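Have a look at this one before I ask anything.
On a predicted model such as this, the values are computed, not experimentally measured, just so you know. Position 1 is the first residue of the sequence; numbering continues from there.
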Amino acid sequence: MFTITKEIYFCYGHRLMNHPGKCRHLHGHSVKACITVTAESLNVQGMVFDFADISKIANDYIDRELDHNLLLHRNDPLVPALTAAGERFSLLDEHPTAEFLAQAIYRHLQSRGVNVTQVALWETARAYAIYYE
């Protein structure tokens with residue numbers, strides 16, 4: 001079995017409405033997503049998958065949905081004010097946690113035919129979430 005991992009960096013803002021600590025307030029993160037892809041054999045170029053192709057497929061989603069975006073739960077009471085101010089934001093059915101974002105990136109890659117094994121999302125230099133199936 002062969003495994004490769006590609007790191008992708010991006011930024012987003014969020015808040016966790018029902019969190020008992022500081023995360024209930026609007027704040028941002030500069031994150032690293034580590035995307036792991038596996039294959040039982042190498043392709044004709046001797047690769048598991050081209051790193052540039054992983055970047056392109058992941059960034060198609062990340063640039064459109066996550067990077068420099070404010071991610072909020074659908075029921076967040078800030079939505080009317082942000083709409084009135086013309087701010088960019090995305091509403092999610094789940095709380096915008098590192099765990100959920102790792103899963104979202106994983107599922108996007110999977111839907112594009114990438115044999116993704118896991119996505120680790122480093123929310124800070126000392127804390128990360130991993131999603132795999």
Side-chain angles (χ1 to χ4, degrees):
M1 186 69 69
F2 297 92
T3 301
I4 62 170
T5 299
K6 175 67 178 168
E7 295 180 357
I8 296 180
Y9 297 85
F10 63 97
C11 302
Y12 68 92
H14 73 156
R15 77 176 187 151
L16 305 175
M17 290 188 306
N18 301 318
H19 192 274
K22 296 186 291 185
C23 293
R24 73 181 176 274
H25 302 293
L26 289 173
H27 63 284
H29 295 282
S30 294
V31 301
K32 171 175 68 173
C34 297
I35 298 164
T36 302
V37 177
T38 61
E40 291 186 19
S41 60
L42 302 177
N43 65 19
V44 295
Q45 296 176 327
M47 300 177 179
V48 169
F49 207 91
D50 191 313
F51 287 117
D53 291 339
I54 295 170
S55 291
K56 179 175 180 352
I57 294 167
N59 283 323
D60 284 347
Y61 174 74
I62 291 168
D63 290 347
R64 183 180 67 249
E65 301 293 333
L66 305 177
D67 190 35
H68 287 82
N69 199 0
L70 180 58
L71 309 174
L72 300 171
H73 187 275
R74 185 162 306 287
N75 298 330
D76 196 303
L78 291 177
V79 171
L82 292 168
T83 301
E87 289 293 332
R88 179 180 186 225
F89 64 92
S90 289
L91 298 179
L92 307 172
D93 291 329
E94 302 292 331
H95 293 281
T97 61
E99 295 88 341
F100 174 75
L101 298 178
Q103 179 188 49
I105 294 167
Y106 180 103
R107 292 205 170 143
H108 173 75
L109 289 158
Q110 188 179 50
S111 75
R112 297 287 306 274
V114 178
N115 190 28
V116 58
T117 307
Q118 72 175 30
V119 171
L121 188 86
W122 289 81
E123 191 172 78
T124 69
R126 296 177 295 169
Y128 65 95
I130 296 175
Y131 181 81
Y132 64 93
E133 293 181 351

*asked:* Side chains of H14 and H29, heavy atoms from C-beta outward: is any pair under 4.5 Å?
replied: yes
*asked:* Using side-chain heavy atoms (C-beta onward) and a distance below 4.5 Å, is T3 in contact with T117?
replied: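 Contact flag for T3/T117 side chains = no.
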_Regarding R64 and D60, does a basic nitrogen lie under 4.0 Å from an acidic carboxylate oxygen?_
no
*Distance-only side-chain donor-acceptor flag, T5 / T36, under 3.5 Å*: yes
*Do any N or O atoms from the side chain of N43 and from the backbone of M47 form a donor-acceptor pair under 3.5 angstrom?*
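The answer is yes, because a donor-acceptor pair under 3.5 Å joins these two groups.
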*Under the side chain to side chain contact (heavy atoms under 4.5 Å, CB included) rule, what do F10 and I105 come out as? Steps first, then yes or no, please.*
CA-CA 12 Å; F10 63 97; I105 294 167; 4.1 Å; yes
*Write out all pairs satisfying ring-ring contact (aromatic ring centres under 6.0 Å, His included) with one or both partners inside residues 100-129, taking only residues at least two apart or from two chains.*
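Counting only pairs at least two positions apart or across chains, the ring-ring contact (aromatic ring centres under 6.0 Å, His included) contacts touching residues 100-129 are Y61-H108, Y106-Y131, W122-Y128.
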*Would you mind reporting whether L70 and E87 have side-chain heavy atoms less than 4.5 Å apart?*
no
_Closer than 3.5 angstrom, by distance alone: can the side chain of N115 be matched with the main-chain N or O of T38 as a donor-acceptor pair?_
yes
*Have a look at I130 and tell me which of Q103, Q118, E99 forms a side chain to side chain contact (heavy atoms under 4.5 Å, CB included) with it.*
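Option passing the side chain to side chain contact (heavy atoms under 4.5 Å, CB included) with I130: Q118.
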*Test item: N18 and H95 side chains (from C-beta on) under 4.5 Å apart, heavy atoms*: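 Contact flag for N18/H95 side chains = yes.
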*Just jot down the salt bridge (charged side-chain N to carboxylate O under 4.0 Å, His left out) partners of R24, sequence neighbours excluded, or say none.*
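Scan of R24 (salt bridge (charged side-chain N to carboxylate O under 4.0 Å, His left out), adjacent residues dropped) gives none.
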*Can you tell if the side chain of F49 reaches within under 4.5 Å of the side chain of I35, non-hydrogen atoms only?*
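Side chain of F49 against side chain of I35, heavy atoms only: no contact under 4.5 Å found.
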*Indicate, with yes or no, if F89 and L26 share a hydrophobic cluster defined by side-chain heavy-atom contacts under 4.5 Å among Ile, Leu, Val, Met, Phe, Trp and Tyr.*
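L26 and F89: one cluster.
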*Does F51 reach the side chain of I4, with side-chain heavy atoms less than 4.5 Å apart?*
yes
*With side chains defined as the heavy atoms from C-beta onward, is the minimum distance between L66 and L71 less than 4.5 Å?*
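Yes; the side chains approach each other to less than 4.5 Å.
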*Non-hydrogen side-chain atoms of L16 and P96 separated by less than 4.5 Å*: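 Side-chain contact under 4.5 Å: yes.
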_Quiz question: by atom type and distance under 3.5 Å, do the side chains of Y12 and E123 form a donor-acceptor pair?_
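Yes - a donor-acceptor pair under 3.5 Å links their side chains.
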*Would you tell me whether E133 and Q110 have side-chain atoms, one donor and one acceptor, within less than 3.5 Å of each other?*
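Note: E133 and Q110 side chains meet the donor-acceptor criterion.
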*Which pairs with one or both residues in residues 29-44 pass salt bridge (charged side-chain N to carboxylate O under 4.0 Å, His left out), sequence neighbours excluded?*
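Every pair satisfying salt bridge (charged side-chain N to carboxylate O under 4.0 Å, His left out) with a residue in residues 29-44: E7-K32.
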